[in-house]
Amino acid sequence: MSDLKTALGEAVAAAFAAEGVPADLARVTPSDRPDLADFQSNGALAGAKRVGRNPREIAAAVAERLKGDPRLASVEIAGPGFINLKIADAALSDRANAVAADPRAGAETVVRPRRVIIDYGGPNVAKEMHVGHLRASIIGESLKRIYRFRGDEVIGDAHFGDWGFQMGLLIAAVCDTYPAIAELVEDLNAKGEVTEADRGRLAVLATLGLDDLGALYPPAAERAKSDVGFRNRARRLTAELQSKKAGYYALWERFRDVTREALIRDFHALGVDFDWWKGESDVEDLIGPMVAELDGKGLLVDDQGARIVRVDRDGETRPKKLADGTVIEAPWPDPLLVVSSEGSAMYGTTDLATILDRRQAFDFDLVIYCVDQRQADHFEIVFRAACLAGYAAEGQLIHVGFGTMNGTDGKPFKTRAGGVLKLNDLIEMTREKARERLREQSLGEDVPADEFEEIAGKVAVAALKFADLQNFRGTSYIFDLDRFSSFEGKTGPYLLYQAVRVKSLLRRAAAEAAEAGPVVVAEPAERDLVLALDAFDAALADAYDKKAPNILAEHTYRVAQAWSKVWAACPILQAADPATRASRLTLATATLRQLELALDLLGIATPDRM
RNA sequence: GCGCCCGUAGCUCAACCGGAUAGAGCAUCCGCCUUCUAAGCGGACGGUUGCAGGUUCGAGUCCUGCCGGGCGCGCCA
């Protein structure tokens, strides 16, 4: 069952073909002029040049062929050759009934499902989430849901940053701060293993919380920039951890576990859940054999003491400025640094090994990296290396970049105090605002305390997520606290509110034993609502193809708005006659289903009341 | 220096392979609750799409050059 746009597209294509104009030009789109038509086709304009005919003449001939179509109330030609189509109310009613009867609310599935991994979220050990993580997790989560709903087999992977130089920094900082832990770690290092007898002593590690780690890491990272001795020590500790020295490894396990546990909880509160929590450490064992394999394939080249894979193709160069100021033509992209001059694996090495791991664990057709746009060059290099190594085919690895969240000064967002705003603080702030609003509605007295909290949480998450998702992912935007915690206008809570009003209405209808029946579209507001509902599949397909949840967000808002207008203009339970009431109840049910479904695909849960 | 992204209403953002009169929300102003949740609905105000050229029947969208902003450019991740 296809939507009106597709069905009309086929009819127009047939008419074009019959006129000898390429049918691929016969695209039907929602009308730019709702006052004149529901849909339009601009194909005659594009086709005129190709076939050497006047566009209006083509449009007239096509229109003539379309006039007999019972689904069309009118076919008109306007301007230089636009074909304007107005749908008959009966056809609109049919479509509404079809959407109402469909558990998927009119959405199709892909013809050929793919195996897809979506890498998103970007959590790291010892780092509490801040507002910057909002985009990374929200966009990826929505893409995961959209892809899965369209029929692909999808794995969401958090790709936990738990292995690397930052771990050495953290070990140094923790040992300097907590002598008892330092003593235990040295002891275990000396023994070379952790035995059953050490169980009790390990309890001291359990006192380390994410708060402690979060407080220790930033100053340590800062110190490493200027203090060469400290930096070298952290490097050494990193290497010793990576060789799995018992004490450091035990300490690191605590870092990993305490962080992962807290992050899983925080992500879940945001409606973000991963299928895989694979860490960078999980591919550590693959790196040695992988390097040997790359070497065997002749891909590794020695360069300034390091080992690299060149990924530039013939003739790909760019002017490059050297340290001494001279400019030379150098290959581009830069090579992938696989082994540093100190013999350690780098960021890109781990990423490459992760691709290999994913190939082995889940024979993917596609991996989507939902990561900050700033890493575009890095991924280009890694992807090319992966193709050269034979881990992926051209086009199977995609970087879906997103812009940064900036402050009003145009730079990455900072609080007034100059620090980062913790994601949990932002959520709690918004949740408190939701509680206040609920108390004003005096809903607080009517619902149990736990439901009250649940509603406040859902409203807060809806506000934050929708505020982000309505922006195209690729562009940076200015983070405005007021806008993110706003509940009126084009916001998440507005969308929830529309769905909740329908739920309330349907509860009442059930109590009055009011029956639903066939939809018969009559009022202008009803027409607009059905046209909005009809556009679901197109929005979904577009969001899928472009990996852009904002397209679905926009659609969802339109449906909510169209419903709100019906609500204001068309009495439902008090409708003039039983048939109208039955029709509107069906329309309400269909709208609710699509709204809840679309919101769910955006990662937003709908409460029963608010 | 080189590359990528961006510049649209007072503010924050949209705009479907180039199409008609560039759309929303917020803010401001004016209306609408004895009837299904007013977190709502209706209306008004608000634009030389950074600037200058070019391609086209037609450009916010494509090309060139400027201006302004953000980001990136092997031994951090």
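All values derive from a computational prediction rather than experimental measurement. Chain naming here is simple, since letters A, B, ... match the order of the sequence lines and numbering starts at 1 in each.
Counting to the nearest Å, the P atom of B:rC76 and the CD atom of A:Glu280 are 14 Å from each other.
Residue contacts shown for A:Val339 are absent, as no nucleic acid heavy atom lies under 4.0 Å away. A:Glu488 comes within 4.0 angstrom of the backbone, heavy atoms only, and of no base. A:Asp482 comes within 4.0 angstrom of no nucleic acid atom, judged by non-hydrogen atoms across all strands. Residue A:Ala46 is in base contact, counting any heavy-atom pair closer than 4.0 Å across all strands shown.
The shortest distance between the side-chain N/O atoms of A:Gln304 and the OP1/OP2 oxygens of B:rG74 is not below 4.0 Å. OP1 or OP2 of B:rA38 has at least one side-chain nitrogen or oxygen of A:Trp567 nearer than 4.0 Å. Remark: A:Arg235 is in phosphate contact with B:rC76, judged by side-chain N or O atoms under 4.0 Å from OP1 or OP2.
Contact record, A:Ala462 with A:Ile604: CB-CG2, 3.6 Å, taken as the closest heavy-atom pair.
Side-chain atoms of A:Ser341 come within donor-acceptor range of the base of B:rC75, with a qualifying N/O pair under 3.5 Å.
Nucleotides B:rA59 and B:rG40 place their C1' atoms 39 Å apart, quoted to the nearest Å.
Taking the six-membered ring for Trp, A:Tyr494 and A:Tyr557 have ring centres closer than 6.0 Å.
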With 3.5 Å as the limit, what N/O pairs link the protein to nucleotides 6-14 of chain B?
from   : atom 1 : to       : atom 2 : distance (Å)
B:rU12 : O2'    : A:Arg483 : NE     : 3.4
B:rU12 : O2'    : A:Arg483 : NH1    : 2.7
B:rC13 : OP1    : A:Ile478 : N      : 2.2
B:rC13 : O3'    : A:Asn471 : OD1    : 3.3
B:rC13 : O2'    : A:Asn471 : OD1    : 3.1
B:rA14 : OP1    : A:Phe472 : N      : 2.7
B:rA14 : OP1    : A:Thr475 : OG1    : 3.0

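Nearest nucleotide to the side chain of A:Pro30, out of B:rC41, B:rC16, B:rC76: B:rC16.
Between A:Glu523 and A:Arg584 the shortest side-chain heavy-atom distance falls below 4.5 Å.
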